[in-house]
Amino acid sequence: AFMWVFGDNIFGMRMASAVLSTLTLLPFYALARRVVQPVAAMGGAALLATGLWYLNFSRSGWENVHVALFSLTAAWALTVGLERRQLRWFVLAGIAAALGLYGYFAGRLILVALLAYAPMAVWWAKGQRRFALAGYAVLILTAIVLFLPQTAAIREDRDVFNRRTDAVYILNQDRPYLGEASDFGIVKAQVARNLKGFFLFDGEGFINGRYGPKGETLYDPLTGVLLLSGLALGAYRWRKTGLWWAMLFVPLAATQIPSIMTPNGARALIAAPFMYLFIALTLDAMLNFARGRGQRIALTGVVAGVLFLSVFNVWSYFSWVRSPETIQAREPAIELADYDLWRDTLRAGFAEQRPSFQLREWEAIITVLRQQERLQERFEEPQGRRHHGNTYQP
């Protein structure tokens with residue numbers, strides 16, 4: 001649909017991610033406002049939007065950033081439904097969860113995270129526990145009904161549905177892995193590696209230069225400090241942020257610990273918005289800490305700090321994405337001039353029910369296609385000539 005509106009080209013392909021990642025800021029703000037004041041919510045949204053991690057995926061043609069919109073919408077709708085005791089919000093949460101099931105494979109964890117929060121939601125709904133249970137039943141039923149059309153294809157070929165998860169599942173790899181031979185040792189090493197990568201500013205594990213600067217964390221050190229502070233505040237305000245915790249750690253743990261080459265920015269992107277919700281919690285605490293005239297100073301400091309970090313992060317993104325190291329890390333790639341041929345070749349294969357091909361196979365495919373084009377040109381009538389029998393005449 002986006003390519004139909006914006007053009008059947010690279011621009012149109014990328015607009016889906018660009019537009020949907022921008023729309024993600026709306027449920028982010030709405031969910032943050034349930035806990036923090038407007039300036040803090042806007043500050044968190046600004047830092048999310050301009051962070052190198054999120055900005056990189058929001059400008060690619062990859063569909064993994066879409067799950068950020070679906071997960072935030074599901075969490076926001078569930079929160080509003082529990083607050084207002086209206087079942088229609090649970091329907092919206094179920095729709096968002098179903099969209100996650102259809103998209104990038106990390107989106108399957110949206111429904112899992114919502115269910116992980118269910119015991120807390122039901123327990124805290126004093127006097128309304130039956131309604132909370134009914135709401136969750138509506139949510140689950142909505143997601144199931146909307147995903148039923150896909151189940152026929154899954155039954156036909158489960159291997160295709162699970163191909164990506166099987167490929168990255170860590171216990172399917174050769175041993176030793178990370179110097180560990182046992183399942184327990186591998187999982188323990190993975191937990192330590194990802195905790196250090198995402199929360200202790202250790203960039204050693206970030207080895208994929210396509211998702212961010214190689215050997216560096218996915219966010220700048222100051223943003224990391226804001227995150228750790230927000231997590232501490234979130235633990236103190238756990239009843240207000242219980243859903244945030246579920247939506248952060250369930251997808252993060254499920255996409256990182258059991259999979260290879262983690263910490264991985266692409267698979268963890270589903271958790272990114274919820275990290276920045278905790279950052280907004282820190283900004284809110286900074287604003288609330290001041291009293292009297294100090295409130296204006298705190299407000300000025302928070303706004304100036306957010307603006308500085310936003311500009312710095314955007315500058316860092318452009319510096320990184322234009323560097324020769326990043327261009328090399330993103331190989332193999334398609335030449336811009338070959339995009340139309342690549343697209344049409346894929347579509348022709350789909351129409352004939354041939355399997356897709358990997359980008360690494362494209363070089364061999366395009367060599368054959370160019371040979372065919374040269375042969376075709378030899379036997380076609382040149383421009384400006386007339387055809388007489390079996391010969392060409394000027």
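- Checked against salt bridge (charged side-chain N to carboxylate O under 4.0 Å, His left out), Arg88 has no partners two or more places apart in sequence or in another chain.
- Within 6.0 Å of atom CD in Gln328, 12 or fewer heavy atoms from other residues, nucleotides or ligands are found, so the atom counts as exposed in its surroundings.
- Aromatic ring pairs are classed by plane angle as parallel below 30°, tilted from 30° to 60° and perpendicular above 60°; the pair Tyr317 and Trp320 is tilted.
- Legend: residues meeting side-chain contact (heavy atoms from CB on, under 4.5 Å) with Val168, ordered by chain and number and at least two apart, are Arg164, Ser259, Ile260, Arg267.
- Residue Glu331 places its CD atom among more than 12 non-hydrogen atoms of other residues, nucleotides or ligands, all under 6.0 Å distant.
- Around atom CD of Glu204, no more than 12 heavy atoms belonging to other residues, nucleotides or ligands sit under 6.0 Å away.
- Under the 3.5 Å distance criterion, the side-chain polar atoms of Thr241 are matched with a main-chain donor or acceptor of Gly234.
- With Phe278 as the fixed residue, the ring pair (Phe, Tyr, Trp, His ring centres under 6.0 Å) test singles out one of Phe249, Trp245, Phe199: Trp245.
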message = Quick one, Asn162 with Thr165, criterion side chain to side chain contact (heavy atoms under 4.5 Å, CB included). Give me CA distance, side-chain angles, the key distance, then yes/no.
response = CA-CA 5 Å; Asn162 293 314; Thr165 51; 3.7 Å; yes
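- Heavy-atom contacts from other residues, nucleotides or ligands closer than 6.0 Å to CZ of Phe357 number more than 12.
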request  = Please test Asp166 against Arg158 for salt bridge (Lys or Arg N to Asp or Glu O under 4.0 Å), starting from the C-alpha separation and ending with a verdict.
outcome  = CA-CA 11 Å; Asp166 288 341; Arg158 293 179 182 272; over 6 Å; no
Output side-chain donor-acceptor pairs under 3.5 Å for residues 26-47, partner residues at least two apart or in another chain, one line each.
| residue | atom | partner | partner atom | Å |
| --- | --- | --- | --- | --- |
| Arg33 | NH1 | Val36 | O | 2.7 |
| Arg34 | NE | Glu83 | OE1 | 3.0 |
| Arg34 | NH2 | Glu83 | OE1 | 3.1 |
| Gln37 | NE2 | Asp284 | OD1 | 3.0 |
| Gln37 | NE2 | Asn288 | OD1 | 2.8 |

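- At most 12 heavy atoms of other shown residues, nucleotides or ligands fall within 6.0 angstrom of atom CZ in Arg130.
- Every side-chain contact (heavy atoms from CB on, under 4.5 Å) that Ala254 has, sequence neighbours left out, goes to Leu109.
- The side-chain contact (heavy atoms from CB on, under 4.5 Å) search around Ala268 returns Trp53, Phe198, Leu252, Gln256, not counting sequence neighbours.
- Listed by chain and residue number, nothing satisfies the salt bridge (charged side-chain N to carboxylate O under 4.0 Å, His left out) test with Arg155 (two or more places apart in sequence, or in another chain).
- Every residue two or more places apart in sequence or in another chain that forms a side chain to side chain donor-acceptor pair (under 3.5 Å) with Asn194 is listed here: Thr262.
- Contacts of Asn9 classified as side chain to side chain donor-acceptor pair (under 3.5 Å), with partners at least two apart in sequence or in another chain: none.
- In this structure, the side chain to side chain donor-acceptor pair (under 3.5 Å) partners of Thr223, at least two apart in sequence or on a different chain, are Asp220.
- Take Arg343 and apply the salt bridge (charged side-chain N to carboxylate O under 4.0 Å, His left out) test, not counting sequence neighbours, and it matches Asp8, Asp340.
- Legend: residues meeting salt bridge (charged side-chain N to carboxylate O under 4.0 Å, His left out) with Glu156, ordered by chain and number and at least two apart, are absent.
- With sequence neighbours left out, Arg239 forms a side chain to side chain donor-acceptor pair (under 3.5 Å) with no residue at all.
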